[in-house]
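These notes concern the structure reproduced below.
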4 protein chains.
Amino acid sequence: MTSRAADHAGKPRLRADAARNRAQILDSARTAFRELGTAAPLDEIARRAGVNIATLYRRFPDRDSLIQQVVLDGFELVAQAAQEALNTAAQDPLGSVERLLLRLVENRDMLVLPLIGGPVATTREAAGLQGRIAPLLEELLTHGRTQGVVRPDITPMDLITTVALVCRPLPYLPADHATALVTRHVHLFLDALRPNDTRPLPPSPAPEDLRGHLIADPAES
Amino acid sequence: MTSRAADHAGKPRLRADAARNRAQILDSARTAFRELGTAAPLDEIARRAGVNIATLYRRFPDRDSLIQQVVLDGFELVAQAAQEALNTAAQDPLGSVERLLLRLVENRDMLVLPLIGGPVATTREAAGLQGRIAPLLEELLTHGRTQGVVRPDITPMDLITTVALVCRPLPYLPADHATALVTRHVHLFLDALRPNDTRPLPPSPAPEDLRGHLIADPAES
Amino acid sequence: MTSRAADHAGKPRLRADAARNRAQILDSARTAFRELGTAAPLDEIARRAGVNIATLYRRFPDRDSLIQQVVLDGFELVAQAAQEALNTAAQDPLGSVERLLLRLVENRDMLVLPLIGGPVATTREAAGLQGRIAPLLEELLTHGRTQGVVRPDITPMDLITTVALVCRPLPYLPADHATALVTRHVHLFLDALRPNDTRPLPPSPAPEDLRGHLIADPAES
Amino acid sequence: MTSRAADHAGKPRLRADAARNRAQILDSARTAFRELGTAAPLDEIARRAGVNIATLYRRFPDRDSLIQQVVLDGFELVAQAAQEALNTAAQDPLGSVERLLLRLVENRDMLVLPLIGGPVATTREAAGLQGRIAPLLEELLTHGRTQGVVRPDITPMDLITTVALVCRPLPYLPADHATALVTRHVHLFLDALRPNDTRPLPPSPAPEDLRGHLIADPAES
DNA sequence: GATGAATGAGTTTTCATTCAT
DNA sequence: AATGAATGAAAACTCATTCAT
């Protein structure tokens with residue numbers, strides 16, 4: 001039995017108001033990161049969250065811990081979405097890939113820090129999530145390949161790259177226009193998965209070179 | 001005939017050393033913007049360029065004027081590349097698109113500020129370049145459509161979007177890995193241009209909503 | 001009843017130490033403005049006040065807000081002194097004017113920013129004080145005119161002009177010499193108020209042209 | 001015979017364009033000093049004068065030499081005006097004082113640096129001018145005292161103080177309003193010179209304490 | 001747990017001054 | 001004689017961080 005105040009190892013459960021503050025800080029951080037980059041002033045983030053800067057510091061002792069949490073929440077969304085996509089992969093492999101990509105584009109407010117090319121995730125939790133995501137995508141693609149609706153030379157890394165590229169914030173562009181443009185790009189990418197008349201693809205970097213960038217830990221994949 | 005001291009309207013030609021400094025400042029700015037975003041410290045940019053911060057300020061009176069010049073130089077590269085791609089479009093329409101995209105990816109150091117979603121270009125020169133680019137791409141695509149090697153529903157804006165997405169800096173990723181990933185993505189995109197078995201694309205934003213984002217001036221396209 | 005923590009609308013009462021710092025900053029600002037003008041270095045002001053420059057900025061977000069407060073405090077002194085001068089105006093109208101002027105000269109450390117010809121006061125509070133001062137002076141003069149000891153063509157604006165001229169800092173002149181010279185000038189001015197043998201005065205600017213310069217709001221006077 | 005290039009000791013005659021530049025620089029300096037104080041940026045002064053900053057430096061090797069010249073030109077104006085006032089002093093002593101004061105007020109653009117309370121004049125030429133002015137004013141007042149139109153206790157220093165006070169720039173006030181206000185003040189001061197019903201004046205500082213402030217050198221007065 | 005206040009260490013920006021053309 | 005360019009130093013301003021309440 002855990003005490004009322006503590007959850008798991010070293011993680012005391014937050015008081016309701018504190019939890020609300022924490023969530024608002026993360027929300028503001030995502031907005032600020034999107035608009036101003038990860039160098040966004042912390043007091044600006046606090047101000048937008050409606051809390052004092054010292055409160056932000058109590059929750060996140062430095063900028064990196066805030067960044068890491070934003071990255072982690074992004075990874076979590078991707079893992080969750082990939083997992084759910086797999087549920088429909090057997091009946092409709094291409095549709096499940098399509099729904100996955102479009103869902104992530106829709107929720108790209110959670111993915112302000114690029115999955116690839118963004119701050120390197122260093123936490124244990126992030127490593128765990130990364131180790132799960134690539135195998136899920138691999139499984140997803142396997143359904144498509146088996147059923148002949150997805151070209152065989154496509155890899156999980158191509159999917160992740162695509163998500164990373166289309167989800168990066170375009171801060172100066174009105175949100176609906178940005179969505180329209182990248183949604184079209186995603187549809188084009190889906191057509192690129194057609195197995196007929198493909199031309200050979202250039203090689204991909206080795207997975208072990210991408211550790212920490214939302215690529216499956218090579219030890220696990 | 002222009003006088004020895006002046007170039008065009010109101011723009012006196014720079015002294016040789018001043019011109020060199022200016023170029024170095026822009027180079028450093030591109031590097032810094034890629035690594036740190038457009039909020040990169042200006043004195044760091046000056047230091048890397050080997051000039052005093054006040055020299056930077058003499059050339060670019062504020063951060064925005066520096067950003068605008070970087071944007072403009074990017075536009076210029078795209079315009080130049082598009083123009084040259086057109087030279088081979090009649091014989092090899094798909095190859096000319098391919099070479100255009102790959103050339104821009106290769107030179108994406110010049111495109112650190114996203115063509116779409118980056119700081120809005122407001123200068124007269126930028127407007128002029130924008131007005132030129134889309135028609136060139138349209139002509140390029142027309143060759144492909146006519147010869148039946150490019151799907152008809154693709155637009156210049158789709159090309160620009162793709163360039164914008166794949167050229168954005170991925171500062172935390174080693175450069176060669178980043179290049180490998182986005183090059184693969186470009187090859188996939190090229191396969192997406194195949195005219196057979198295409199599925200319908202969602203609508204594109206109206207060009208007039210994208211003014212200032214390297215989309216052709218609607219009056220001209 | 002006001003809450004313990006708040007004073008008036010939107011102005012939380014300062015903590016004791018913060019209030020002390022604020023007062024010291026204003027004192028240093030007056031001294032520096034007198035010696036160096038309103039362009040005096042702000043870090044010098046902070047240093048003299050014994051606080052960090054950032055503390056100054058917390059209280060006064062830019063130079064102008066500091067200037068405005070100094071102006072306002074000057075207005076407040078004038079309003080206060082004029083009000084008190086009125087208490088003795090019935091018995092001794094000329095003496096009350098004399099005491100008013102001399103008191104302001106004595107306290108001209110508070111009036112470093114000229115009442116007329118200095119930075120224009122734009123705040124609501126300044127406007128309120130301005131609306132009060134001229135009527136007080138008018139009343140003061142009325143006593144003198146009625147009792148035949150003050151010429152009838154003198155106006156509140158003449159008093160304010162005189163105060164403004166004699167209270168402006170003379171930074172290069174030793175303080176006691178400056179005091180002696182301007183005190184003599186004030187005595188001469190008082191003799192100029194004698195009602196006999198006066199010569200006509202040239203016209204005064206319309207009060208509505210002087211709004212923001214410590215002249216009563218024409219709507220109110 | 002002087003050489004074509006040199007005038008007197010060490011003062012080469014300026015080429016016509018150089019002389020014009022010098023005059024424009026002094027004009028701009030006066031304007032800038034009035035608006036921004038003597039700390040006005042030198043390059044701003046150069047800009048307004050339409051010359052390069054280095055040209056200003058060639059003429060005035062430091063800020064003080066520029067200030068001193070502005071002070072000196074002011075002294076020269078006062079000496080000249082006092083001299084001319086004396087021409088009509090015998091027939092119309094009060095009128096000659098009045099015309100003197102009003103003329104200086106009119107030309108106070110030349111007197112931006114306060115005659116008293118401004119930068120101390122240190123040059124040999126300034127000393128010479130100072131030694132001439134007070135005796136001229138004394139002579140002027142003597143005519144008035146003798147003819148019974150000026151109170152006997154008034155001194156040259158009172159005149160100079162008055163000029164100093166009313167001629168100081170009021171940078172934020174529209175010029176015509178400022179002129180109207182101080183002209184009225186001067187007229188009041190003139191009425192203060194009436195010899196009847198005067199009240200005793202407080203003592204004046206000793207002249208030798210005011211050396212360098214446009215008060216006659218005590219050795220000469 | 002939250003906040004107002006303060007501060008030291010930047011970063012931006014301006015400006016006096018010198019140099020080479 | 002005049003100017004464009006460069007620079008070092010100062011001043012304005014911002015921000016991360018800590019402390020006391």
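Here is the naming used below: chain letters follow the sequence lines, and residue numbers restart at 1 for every chain.
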Is [Y] close to [X] at the side-chain level, that is, under 4.5 Å between some pair of heavy atoms?
X       : Y       : result
D:Leu36 : D:Pro41 : yes
D:Leu66 : D:Leu42 : yes
B:Arg59 : B:Asn21 : no

So, using side chain to side chain contact (heavy atoms under 4.5 Å, CB included) as the criterion, who are the partners of [X] when residues are at least two apart?
X       : value
B:Ser65 : B:Phe60, B:Pro61, B:Asp62
B:Asp17 : B:Arg15, B:Arg20
B:Ala46 : B:Val51, B:Ile53, B:Leu56

Using whole Å, report how far [atom1] of [X] lies from [atom2] of [N].
X       : N      : atom1 : atom2 : answer
B:Arg59 : F:dT7  : CZ    : C1'   : 14 Å
C:Ile67 : F:dA12 : CD1   : C1'   : 14 Å
B:Leu66 : E:dT13 : CG    : C1'   : 15 Å
B:Ile45 : E:dT11 : CD1   : P     : 12 Å
B:Phe60 : E:dT12 : CZ    : C1'   : 17 Å

ask   = side chain to side chain contact (heavy atoms under 4.5 Å, CB included) between C:Gln69 and C:Arg22: does it pass, once the steps are laid out?
value = CA-CA 11 Å; C:Gln69 190 59 49; C:Arg22 200 189 107 106; 3.6 Å; yes

remark   = From the list A:Arg168, A:Arg30, A:Arg34, salt bridge (charged side-chain N to carboxylate O under 4.0 Å, His left out) partner of A:Asp109 resolves to A:Arg34

request  = Scan nucleotides 14-21 of chain F nucleotide by nucleotide, 5' to 3', and note B when protein non-hydrogen atoms come under 4.0 Å of the base, S if they reach only the sugar-phosphate, - if neither.
outcome  = BBSBBB--

query = Within the structure, does a side-chain N or O atom of D:Arg58 lie under 4.0 Å from either OP1 or OP2 of F:dA1?
reply = yes

message = Within residues 17-29 of chain B, which residues have any heavy atom lying less than 4.0 Å from an atom of DNA chain F?
response = B:Asp17, B:Ala18, B:Asn21

task = Can you tell me which stems DNA chain E forms, taking runs of 3 or more consecutive Watson-Crick or G-U pairs with both distances under 3.5 Å?
result = E:2-21 with F:2-21

message = Minimum heavy-atom separation for D:Tyr172 and C:Gly118, please, with both atom names.
response = CB-O, 3.0 Å

message = Give me the atom names and distance for the closest heavy-atom approach of D:Phe33 to D:Ala40.
response = CD2-CB, 4.4 Å

task = Kindly indicate, with the supporting measurements, whether the criterion side chain to side chain contact (heavy atoms under 4.5 Å, CB included) is fulfilled by B:Glu76 and B:Glu125.
result = CA-CA 10 Å; B:Glu76 209 138 59; B:Glu125 281 155 306; over 6 Å; no

